[in-house]
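Just follow the structure's listing: the first ligand is 1, and inside any ligand the first atom is 1.
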Amino acid sequence: MEIVAVGGYEEVGRNMTVVKYGNDAIVVDMGIRLDRVLIHEDTDISKLPPEELARRGIIPSVGDDYGEVKAIVLTHAHLDHLGAVPILAEKFPLAPIIGTPYTIELVKQELRGKRRNPLYVLEAGEVLQVAPRLSIEFVRITHSIPDCVVLVVHTPEGSLAYFNDFKLDDTPVIGEKPDYQRISELGKEGLKALIIETTRVANDGRTPSEQVARTLLEDTLLKSSPEHGLIVTTFSSHIARIKSILDIAERLGREPLLLGRSMEKYVSIAERKGIISLPENAHIYGGKDAIKKALKRAARERERYMLIITGHQGEQDALLTRIANKKFEYRIAPGDEVVFSADVIPNPINVAQRYALETKLKMQGARLFKGLHVSGHASREDHYDLLKMLQPEKIIPTHGTLDMLAMYAELAETLGYAINREVFLLRNGQRLEV
Ligand SMILES: [Zn+2]
């Protein structure tokens, strides 16, 4: 088996890995790097050729020596795992794109007219033969988007597991807890290799459950002032979080207005797929005019609504930023409450934009409530537990900068692994034979 580190091995973003067995190969994930998109926000990335996008570090740099690609497998619908599909999938036009129902529905939307590859839905718990000596299996896992899975690649000579992304959440607000039974079976059957994310390995302890974020939100929102405006901002793809916020809106007797293009995309698909059911008085608007109208209505009766909107990172074109910039009839009034159910993604652009946003909101008299959030990624002790369950022969850390990959290697050392004997830190473009 050969593992090709294509993208995500030097950064948080643009995840892509190739797993080769003989001349057959599977491409796993095809992501973009979002902070690089932000730097180039003046250019329309859909108009740039793939080579230029790769040169700018936005998409993975794809080689042409992967053998015969039998499948493109997507583990979940975050953009750093599937955002490059519309640009790169056509390099392998015969390979079906395989994912869980929610993921495939989003791929359909991303590809719209320009679809060439066949799409194939595989559920967690199912196995699919993609070549005579190569099959894939999806195992249920928890993260911060519905329908996320672990990929297991089976060959006659052993298996590889790909945990990117995941957390170990025993009380997720929607969906079920991880399939621990299958995960420990994989360990007993013997894993040749483990590819594993390292995004939050620097954080001590375990990542709290999504249930904790729900309690934090209840604790703050149930005390909110009934006479003022109430705005909550969170990740539009975080459907479990949005469900908690909607449930609280109902208890407060406020009508939820879900606004923003990406909010409409992720939430309507989740509703169509039966992952979430919206209360009858909830409305979703994604189009420019519809948003403008809804905000006009809300401006006249601000105490009646709860706004659930995009913009928690202070992104220039997101709704909360544009409200703070007084682009709508709905203005922040003194005493209005703005709740951030998201942490700042720690890159300098986000930090600066968020700082500017918070300052503007405060100057207009808003009361800010921050940090009502838990991560979707495993922390150090989750990684420890998982590694003990899986006991793989070889480990390839991914989804991080070199210091994050190294920190994972250090953790593995405490369980008896050694760098360059069992743990391999790859750079983008490098290969490893297992
Ligand atoms: Zn993710």
Review point. Do you see an N/O/S atom of His143, backbone or side chain, under 2.8 Å from the Zn ion (ligand 1)?
Key: yes

Check your understanding: Below 4.5 Å, heavy atoms only, C-beta onward: do Ser144 and His78 meet side chain to side chain?
Key -> yes

Review point. Can you find a heavy atom in the side chain of Leu160 that is under 4.5 Å from one in the side chain of Lys192?
Key: no

Check your understanding: Step by step, would you call Tyr66 with Val6 a side chain to side chain contact (heavy atoms under 4.5 Å, CB included)?
Key -> CA-CA 11 Å; Tyr66 301 152; Val6 187; 3.6 Å; yes

Practice item. Taking the Zn ion (ligand 1) as the reference point, name the nearest N/O/S atom of Asp165. Key: OD2

Check your understanding: Short check: any N/O/S atom of His76 below 2.8 Å from the Zn ion (ligand 1)?
Key -> yes

Check your understanding: Does any N, O or S atom in His78 come within less than 2.8 Å of the Zn ion (ligand 1)?
Key -> yes

Exercise for review: Check whether any side-chain heavy atom of Asn325 sits under 4.5 Å from a side-chain heavy atom of Lys360, and report yes or no.
Suggested key: yes

